[in-house]
Every structure is written in structure tokens, then in C-alpha cells.
Amino acid sequence: MRRKVSMNYDFKTIETKWQSYWEGRKLYKTEKDFAKQKYYILEMFPYPSGKLHMGHVRNYSIGDVVARFKRMKGYNVLHPMGWDAFGLPAENAAIKHNIPPAKWTMDNIKNMKKQLKQLGISYDWDREFATCNPDYYKWTQWLFLQLYKNGLAYKKKAPVNWCPSCATVLANEQVINGACERCDTSVEKKELSQWFFKITDYAERLLNDLEKLPGWPEKVKIMQKNWIGRSEGAEIVFKAEKTGDDIRVFTTRQDTVFGVTFMVLAPEHPLVMKLVKATDREKEIKDFVEEMKNKSELDRTSEDVEKIGKFTGQYAINPLNGDRIPILVGNYVLMEYGTGAVMGVPAHDQRDFEFAKKYNLPIKIVIQPVDRNKWYTLEDMEEAYTEKGILVNSGIFNGLTSEEALDKIAEHLEKNGIGRKTVTYRLRDWLISRQRYWGCPIPIIYCNECGAVAVPEEDLPVILPFDVEFNPRGVSPLLESEEFRKTTCPKCGREATRETDTMDTFICSSWYFLRFTSPFTTEEPFKKEDVDYWMNVDQYIGGVEHAILHLMYARFFTKVLYDQKLVSVEEPFENLLTQGMVLKDGAKMSKSKGNVVSPEDIVEKYGADTARMFILFASPPEKDLEWSDQGVEGAYRFLKRVWRLVNECRNTVKRGEENEGTELKGEDRKIKRLIHATIKKVADDIEQRFNFNTAISAIMELVNGLNTYVNTEANPAVVKEGIENLVLLLSPFVPHITEEMWQLLGKKGSVHEQKWPEYDPEALKRDEVTIVIQINGKVRDKMVVDVDVDEETLKAEALGRPKVKKYTEGKEIIKTITVPKKLINIVVK
RNA sequence: GCCGAAGUGGCGGAACUGGCAGACGCGCCGGACUCAAAAUCCGGUGGGCCUUAAAACCCGUGUGGGUUCGACUCCCACCUUCGGCACCA
């Protein structure tokens, strides 16, 4: 059966050959066929940094397996690729190398596209676009205008996060531990007039609809939930004693309101300076407020910063019990959250407790444990009692449980016009303007007469000019371009100026998945019929670093567009896979650590198929993957082994003998079972679990089995069945070598256009099974029996075995447990 | 501090529904081929005990307990690592 064939696995020739074949035949072009069942698979498109890294290779290899598999399963598959092409690195590189950002970006795209093709990823390249192209950003601007017209885009002056290194403002989501997400520089606060998207209007839906996403990792949903940070509580209006001003506080524990002994305002709170005006505290408070304003985010909010409070000399009146309480200004109260003012209940909040001890403020107990024996007094109180309990010292509310009081007090507040039930979110509005050049211009014109005016839709796109000096100076480089800036007001025709800030690039990536459904339509952002057919994305794949940023913004956009009836889905991504990182020596690959493995080198040395095979085999996709040169060697060896096996069997396969009705026996039967068990397992592993590592290991077992089998007096029909299926099963993982082997087997057409094989349930059937015999739960023996042996016979046979007798002799058999086709457990005493 | 995920051979990992722990691969050891080496192929490989060898036996999935005929899998407590959030009122 086995014949020596000397044919080397020449991956270079094979890979180039088939890549150009695919390109020439447009094998992966998605046809418009709405009758077919669709499958939209998408990997997060990359920023064109210049070269692919291993993380990209992993991301796109995973997606490609699924895309190829689904095609073979008969789906109409959309698998597109494009470029998230606006962004800071282009400007930084341009400054460094003196190349225009546009050119730098386009060169990078060209190179990365070449690399993706070399990896053999099956994209429909006819749908490719870059977000920096006016054909695309015209519609980004158009979408901005839709938000603007619906009151979801607004400009306001506010203290914002400023990254001095990037010379631009940042959204809250882009500040990590008080530092810039991109460059790790400590972020400063600046009072600037900026554009925002009103994502907070969607907070409730963004939160609730997480429940509609069973196909998302729990981890990501929890991160978004925490980020949105919904708290239910009440707003309570205290009156400033002297000025009569209302001071609204937000609390989640209105049941403790009778225990309020002080109040703390954020330094930025508008009432602070009014309260101390013309008092002896004015200077002290003013200095303190100034000091706080100048502190960086990090210095203000990190945990080890001491809590400081300054007494304003003023008092407020508790509307529920008339208590007169001191008003303080404190560094730890944030203007951006709630109302910027908090009530201090030291007996029932640990932070207030410590604060009260430090400044000698009174403590008043208003909640006691349900169990009267555990009641405490001020004397034995060493920390705040933060649990819920029974109300005391609370007037008409005494004796209620906290739960009852939360509602009752809220009702009372509402009835008396001194507060109301309310919900507060941690989520803030999305700051979208950037003082940088390489981004999508905001389509707004400022007119002295008419104010901010939207650029009329027919005037879009507002083109980003190329002849701009773009060194970052903290103001938009577009300010310098007179030609860009000067325009006329669309309303009154008078001289006017354009907005010179550009948009956060996360806006560009918040709708690109919609554009892929009809990428070149010129009359609208996407065609309704196409977007309705293709959306949602059935499977989205990308790094977990976008758990909040991109994934929440994209959900927000989709919901806005849904409300505008532009799309008919409320969520963009049905299933999400967050792939793990690629590590080397236990750490993320990075230039500074010098542990970078370049995909180019690996493809050059072993070929794309080996690179893909290793990456998919080494670890399940959601886990981190430790790079191993020896592992790559192993993947390469495996492919060579397959190559040799297929070559040695090609003539047997070509002869094409079929098994004419004779029933298979012995080894023939066994190998046939292995073939069909593998077909089943590989499909299950790809489809249901995304466990490519176990799918591949099953194929390896098939190869091992076939290798042994073809050395025996193998049945040619079984060999044929085995080899053909082997090539088909491998084709989503290693598309080039399987294409070549398919041809070697004398097949016509591309292996990637074949149907995914069906397993034959008959072949999986067994006549005999191995039963494990346990005594008291320990494996003591094994025996082979007929599949359909009944329980009594099985038990009798097991008890008759010498090894079993050894353990049961002179002992009482209490019971036996049998698991059909698997095991029998004999319990003895 | 809070939330989440994970701890299995020398290493990456497998065990899908509570039923043979360690599939598959790497590494290592032995053998074949070779003048020799590489490549390739064949065989072995959790630890202990015993040993000339084998059989047999014992231990073993982070630690300690529990449920169960039976636990990597379920429950309780703890330890470690990683990730997210972190004065959020």
C-alpha cells in the first residue's frame, strides 16, 4: 500500500500559487444572494501601524477558520477587512519621518494588506475601505449630524481630561488610572469647550440590553455593567441657612438621612464661593479650591490621597428633622458624579465615619441591627455600621426596616417637594473632540450671527486638507489652515469659520461593520436592504482591551441608528469572542522587552500554514498563548507528515475504488470509525466550542491512525475515504497545503468550495465496549463486553473475574452501580 | 477593598453531562537508518514503592474540609496568580 514518493513540502511555491489562484478567481467574494442563509463574521479591523503583529495573526486566523468552515457548511459568508485609519500614530510618525500622515497611512495599509494575503485569510477584498477616505468619512460626518439634529451631540464648557503628551483631550474611557490610555502620561484637568455625545441618555438601555447578549463573555458584560455603574437612590434638597440656596445631594441610603451630621461639597461646586463670599473663610476656601483645580486626576483620585475637608463657616438645614449641619468643601467629592454634594452620615458610612473622627464631627446612630441584642452605642462603635437594619432616632420612620424606609422616605421627599427618587450613573457623556489633525473633521460652522450651524448634508464631506502644518501645539492644526477654516454661514451667507477639532477615532469604528454590508454606496451610509440582510454580526472577534471602549461605543451607535430607523437591530454583535494575548517568555510581546516574534519571519521560514497551525493549536482562543519556537517546529513537522501521507496514498485515492456493499471488519472497521468520529468532533469543536486546539489534536490522531493503517493490508476504499476527509477537515486551518493536496488527489476545483463532510452514524456504532470495573470507586479491572449486554450479565461477569474476586472475597457486597457502556462500581464492606 | 477568571506532568494543554486524570503536541530517554551528524521513522515517558525484570500495590488535578458508590468537575473556607474597577456618595 505504502509507496515511497519523494516530494518535498515546498510551502513557498504552494502558498504563492494558491494565493494568486484565489485572487484570480475571486474565490472569497461575497455574492448578493438574500435567499441563502447568511453568516457575518468579523474581526476587529486594525489600525494600520505598518506591520502585522502576532496578535493580529491570531485574531485573523481564528476568524478565518470560522469563515471557511461556514462557507463549507453552505452559508453565504460575509468576511470583510478594512482599516481604522485615522489616529495619532500617523501624525507622530509623520513628524518623526517627515512624511504626510496620509501617505504614511496608505503605505502601511498596502504593506499590511500584502501580509494578510500572505497569511491566506479569506477576505472579500472587494469590500475593503479605510476610514480616512472621504467616501467613508463623509458618512461619519453625516452620522454626526444625525446625532446633532437629535440633540445627542452638544458642545459644552467643562473640566476635561487633557493629555499633555498627546496634546489633546480624552474621553473618560481613555483615561486609565488617571493616565492616558495611549501613552501613559498623567492626565490633567482643563476647562475647555468641547463636543460631547450624549451616551448617558442610553445608559439604561446599554445596561439592560446586556441581557440580550448571551453570546458575549460574562467578563465583558460585567465590565460594561460596572462602567455604566447604575445606582438607585434619592436626591434630597438641603437649604443653605444663610443664603437660602438649595443644595441637592444624591444618596443611595436615604434611610439614613436622620443621621446626617455634616455635608461636603466638591471644590468645583458652583455654590462654594457664593457661600463664603465676604466671610472670614473666603480666602482659605478660595485657596483650597484653586489648589484642587490644579491637581491632576491622579493626585485627586488615587486612594492613598488623604481626605481633606475645609469648613465653610456655613450651615445647612436637614429638611427632614431640621438639624443644622456644617457645610464643608472636600477633595474627595467629585463634581462629575451625582450632584457634586454629599451628605455625611458617619454612623453608617465608613468613609464619613473616618472623616467625622478626623474633624471631630458628631456621630448620630439612626440604624440598628434587627437583633436587639446586638444594638450598639456610640461608645462601643469602632467603625460605621453599614448594614441595613431598623430605623431609630428617625421621627415618624422609627421602627421601619431600611428596605421599607428607602421607599417611604423617598415618597415623603417627593410629597413635600424636598427631593425625589432618582438613578445616577457612573457613565459620563462621551467627549469626542480632539485637537489633532489626522481625524474626521467635525461638520460644524460657527457664525457670529447664527452661532453653531450644521454643515448642510449636501455639502458633505468636509474635506480634511492635506497642506497643513500638524505639529501638536495643543490647538487643532486645522486652525492654521485659513483655507479650511474660512467659510460662509450656510444659514445667512455671512463670513464664518469651521470647527477645527476632529473626531475621536472611536467614532469611525463605531459603525464600520454597517458599512461593510454595502461599502461603496454613495447616496447613504449603507443600503437598508443590505444592512437588514447582513446584520447582526454573527461572530465578532477581537482583543479584550476593547471590552468597554469600542464595544460600548459601537453598541451606542447601533441603538441611536435603530431609533432613527436606519437599522433594524438594537445590538450589533450577536456573539463575541475575546481572544487572549500572544506572550513570549510570559510577557506581552513588546519592543522594549525585546521579545517580539515577527510574523514575517515565521511565514518566511515555515510558511503561513505552519504559523496558523501553531497559533490555533497551542491554546484555546480565549486564553493567552505562550509563543514557543519548538511548538512551531512541531506544527511544521505535522504538516510534513500529512504531506507525506497524502502523497503516498494519492494513487490509491485516484484509483477511486469503492467498497461494494461488503461489511468492514477488524482494523478496517476501526479506522472507518475513527474517520467519522473525527469528522464529528472537528465540526463540534469549531462550531460549538471554538476549541480549535482540540479539533486539531483530533485531526492529529486521525493522521496517526491513518499512518499506521496504510502500512497494513489496508482496504483501498477506506484509505480513500480517510485521506479525502483528512484534507477536507484540515482545509479551514491550513488553506494552502490542503488546496495543493486536493489537486494531488486528482480533484477538480478548490477544496474550499467543497461541502463539509457529514459523519455516518452507522460507522460510529460499536459491537463491543470496554467496561471499567471499580471496587469502592477505585479502578481494579477492565473487560470487553457486547454493547447491548444487560445489567445482570454484566454484573455476573464482573464478579466472576479473578481480580474482582480478590477484593470481594469474604466481604459483603452492599450494592453495585452500573453506567451503561462505561463502568460498573461494586461497593463492598 | 470590591468584582471576575484561573491554578492539572519538565512545558503548552486535554478530560464536553459527576464515571479509566494526563488525549494531542513539545521536551526528554532508548532504538533503527548513517562512516558520523542532521532530518526521518519505531518505541518509552506523572510520582513513589519494589526491583535483575515484571506483575502487584500506594500517592497524585493550589491547600484544608464536606457531599457522593464515585469529585479535576458540585458545596464551604483559605492560599496564589492574572485581569477589571477603585474615595461613585
Side-chain angles (χ1 to χ4, degrees), chain A residues 176-178 217-227 229-231 233 249-253 256 264 266 300-307 330-334 336-345 349-352 354-355 424-427 544-545 547-548 580-581 586 613-614 617-620 622-635 637-638 640-641 644 681 684-685 688-689 691 693-701 703-704 707-708 711 770-782 803 806 814-819 821-828:
Chain A
I176 313 287
N177 278 330
E218 216 44 46
K219 174 167 83 163
V220 173
K221 288 191 277 187
I222 289 169
M223 281 165 75
Q224 292 211 356
K225 193 178 164 198
N226 291 341
W227 188 261
R230 181 182 197 275
S231 337
V249 302
F250 173 73
T251 178
T252 54
R253 289 297 301 272
T256 66
V264 190
R300 260 299 276 285
T301 58
S302 81
E303 201 185 358
D304 31 272
V305 172
E306 201 194 351
K307 290 173 192 55
N331 59 344
Y332 69 94
V333 179
L334 307 172
E336 299 88 40
Y337 184 78
T339 58
V342 297
M343 60 187 212
V345 187
D349 180 289
Q350 190 54 29
R351 192 188 42 197
D352 292 346
E354 286 160 22
F355 199 73
T424 295
Y425 302 90
R426 210 188 75 116
L427 180 73
V544 74
E545 66 273 16
I548 294 167
M581 285 188 296
M613 176 62 49
F614 166 71
F617 177 63
S619 184
E622 67 279 7
K623 282 181 89 174
D624 286 350
L625 181 151
E626 174 69 29
W627 186 265
S628 155
D629 291 335
Q630 282 164 337
V632 179
E633 288 278 355
R637 261 202 303 267
F638 170 70
K640 282 199 286 189
R641 215 152 49 226
R644 206 183 53 203
K681 179 160 174 60
D684 286 352
D685 281 353
Q688 292 166 23
R689 309 200 304 156
N691 278 9
N693 56 332
T694 51
I696 291 170
S697 76
I699 297 174
M700 284 172 167
E701 283 178 80
V703 170
N704 293 344
N707 243 328
T708 312
N711 278 327
T770 306
I771 299 285
V772 169
I773 307 172
Q774 296 185 333
I775 317 282
N776 288 346
K778 286 194 173 159
V779 181
R780 295 301 181 184
D781 202 2
K782 286 171 196 182
K803 277 187 188 170
K806 203 175 118 192
I814 297 168
K815 63 171 162 177
T816 59
I817 291 113
T818 53
V819 181
K821 295 178 198 178
K822 271 190 180 151
L823 138 160
I824 175 163
N825 189 10
I826 302 159
V827 187
V828 298

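Quick note on labels: first sequence line is chain A, next is B, and so on, each numbered from 1. Below, all heavy atoms of this structure are taken into account, side chains as well, without hydrogens, waters or symmetry copies.
- Phosphate contact (OP1/OP2 of B/C88, side-chain N/O of A/R230, threshold under 4.0 Å): absent.
- Across the P atoms, B/C76 and B/U67 are found 15 Å apart, a figure rounded to whole Å.
- Straight-line distance between the C1' atoms of B/G46 and B/C72: roughly 15 Å, to the nearest whole Å.
- Nucleotide B/C20 is matched to nothing when pairs are restricted to Watson-Crick or G-U wobble geometry with both distances under 3.5 angstrom.
- The residue A/G229 sits apart from the nucleic acid: no heavy atom pair falls under 4.0 Å.
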Open item on the list: A/E218 vs A/K221, test: side-chain contact (heavy atoms from CB on, under 4.5 Å). Steps then yes/no.
Closed with: CA-CA 5 Å; A/E218 216 44 46; A/K221 288 191 277 187; 3.7 Å; yes
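- Across B/C3, B/C87, B/U40, the shortest atom-to-atom separation from the side chain of A/Y332 is found for B/C87.
- For B/G9, the base adopts the syn conformation, since its glycosidic angle falls within 90 degrees of zero.
- Remark: the separation of the P atoms in B/U40 and B/G25 is 14 Å, to the nearest Å.
- Remark: the separation of the C1' atoms in B/C2 and B/G12 is 33 Å, to the nearest Å.
- For the atom pair OG1 of A/T770 and CG of A/L823, the computed distance is 12.5 Å after rounding to the nearest 0.5 Å.
- Comparing atom distances between the A/K640 side chain and each of B/C57, B/A89, B/U40 picks out B/U40 as nearest.
- For A/N704 and B/G25, the shortest distance from a side-chain N or O to OP1 or OP2 is below 4.0 Å.
- Separating the CD atom in A/Q224 from the CD1 atom in A/I548 is a distance of 7.0 Å, to the nearest 0.5 Å.
- A/D685 comes within 4.0 angstrom of nothing in the nucleic acid, heavy atoms only.
- Going from atom CZ of A/F638 over to atom C1' of B/C24 covers 10 Å, rounded to whole Å.
- Out of B/G4, B/A23, B/C88, the shortest distance to the side chain of A/E701 is found at B/A23.
- Taking side-chain N and O atoms only, A/N693 has a distance below 4.0 Å to OP1 or OP2 of B/A14.
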Open item on the list: Show, in sequence, the C-alpha distance, side-chain angles and deciding distance for A/V249 and A/V342, and conclude whether the side-chain contact (heavy atoms from CB on, under 4.5 Å) test is met.
Closed with: CA-CA 5 Å; A/V249 302; A/V342 297; 5.7 Å; no
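- Here B/C85 presents its P atom at 12 Å from NZ of A/K219, a figure rounded to the nearest Å.
- For the atom pair A/R253 CZ and A/D349 CG, the distance stands at 9.0 Å (nearest 0.5 Å).
- A distance of 10.0 Å separates CG of A/N825 from OG1 of A/T818, quoted to the nearest 0.5 Å.
- Residue contacts shown for A/E626 are absent, as no nucleic acid heavy atom lies under 4.0 Å away.
- Regarding A/D684, its CG atom lies at a distance of 14 Å from the C1' atom of B/U17, rounded to whole Å.
- For the pair A/R637 CZ and B/G25 C1', the interatomic distance rounds to 9 Å; values are reported in whole Å.
- When the C1' atom of B/A71 is taken as reference, atom CD of A/Q774 falls 12 Å away, rounded to whole Å.
- Across all strands shown, A/V333 has heavy atoms under 4.0 Å from base atoms, whether or not it also approaches the sugar-phosphate.
- Shown here, B/C82 forms a base pair with B/G4; the pair counts as Watson-Crick or G-U wobble because both key distances fall under 3.5 Å.
- For B/C59, the OP1/OP2 oxygens have a side-chain nitrogen or oxygen of A/K778 closer than 4.0 Å.
- With hydrogens and angles ignored, no donor-acceptor pair closer than 3.5 Å exists between the side chain of A/N226 and the base of B/C85.
- The side chain of A/K815 places an N or O atom within less than 4.0 Å of a non-bridging phosphate oxygen (OP1 or OP2) of B/C69.
- Rounded to whole Å, the P atom of B/C58 lies 24 Å from the corresponding atom of B/U68.
- Shown here is A/K219, whose NZ atom has no more than 12 heavy atoms of other residues, nucleotides or ligands within 6.0 Å.
- Distance A/I696 CD1 to B/G25 P: 12 Å, rounded to the nearest Å.
- Close to B/A86, at under 4.0 Å from its OP1 or OP2, lies a side-chain N or O of A/R426.
- Judged by Watson-Crick or G-U wobble contacts below 3.5 Å, the nucleotide B/U68 has no partner.
- In the set B/G27, B/G4, B/G13, B/G13 carries the atom at the smallest distance from any side-chain atom of A/P620.
- For the pair A/D624 CG and B/G83 C1', the interatomic distance rounds to 9 Å; values are reported in whole Å.
- Not one side-chain nitrogen or oxygen of A/K681 sits closer than 4.0 Å to the OP1 or OP2 atom of B/A23.
- Nucleotide B/A56 has no partner under the Watson-Crick or G-U criteria, as no pair reaches both atom distances under 3.5 Å.
- Listed pair A/S697 / B/G13 fails the phosphate criterion, with no side-chain N or O lying under 4.0 Å from OP1 or OP2.
- Residues A/I222 and A/Y425 both approach RNA chain B. Their nearest nucleotides, taken by heavy-atom distance, put A/I222 toward the 5′ side.
- At the phosphate of B/C58, OP1 or OP2 sits under 4.0 Å from a side-chain N or O atom of A/R780.
- You won't find any donor-acceptor pair under 3.5 Å spanning the side chain of A/Q630 and the base of B/G25, going by distance alone.
- At a threshold of 4.0 angstrom between heavy atoms, the contacts of A/T252 are confined to the sugar-phosphate backbone, with no base atom among them.
- Base pairing annotation: B/C41 forms a Watson-Crick or G-U wobble pair with B/G31, both donor-acceptor distances under 3.5 Å.
- Nucleic acid contact for A/V827: sugar-phosphate only, since backbone atoms but no base atoms lie under 4.0 Å from a heavy atom of the residue.
- Using a 4.0 Å cut-off, some side-chain N or O of A/S619 falls inside it from OP1 or OP2 of B/G13.
- Across all strands, A/T339 comes closer than 4.0 Å to no nucleic acid atom at all (heavy-atom distances).
- Comparing B/A77 with B/G9, their P atoms are spaced 26 Å from each other, to the whole Å.
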TODO: Before giving the answer on ring pair (Phe, Tyr, Trp, His ring centres under 6.0 Å), spell out for A/F617 and A/F638 the whole-Å C-alpha distance, their side-chain angles and the decisive distance to 0.1 Å.
DONE: CA-CA 11 Å; A/F617 177 63; A/F638 170 70; 8.1 Å; no
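- Using P as the reference atom, B/G62 and B/C69 are 24 Å apart when rounded to the nearest Å.
- Interatomic distance, A/K815 NZ to A/I826 CD1, rounded to the nearest 0.5 Å: 13.5 Å.
- Nucleotide B/A36 is matched to nothing when pairs are restricted to Watson-Crick or G-U wobble geometry with both distances under 3.5 angstrom.
- The nearest whole Å value for the distance from the CZ atom in A/R644 to the P atom in B/C42 is 7 Å.
- Residue A/V772 is in base contact, counting any heavy-atom pair closer than 4.0 Å across all strands shown.
- Remark on RNA chain B: of its neighbouring residues A/T770 and A/M223, the 5'-side contact belongs to A/T770, judged by nearest-heavy-atom nucleotide.
- For the P atoms, the distance from B/C78 to B/C3 is 12 Å, rounded to whole Å.
- In terms of phosphate contacts, A/R689 brings a side-chain nitrogen or oxygen within less than 4.0 Å of OP1 or OP2 of B/A15.
- Panel note: side chain A/D685, backbone A/N693; no donor-acceptor pair is recorded below 3.5 Å.
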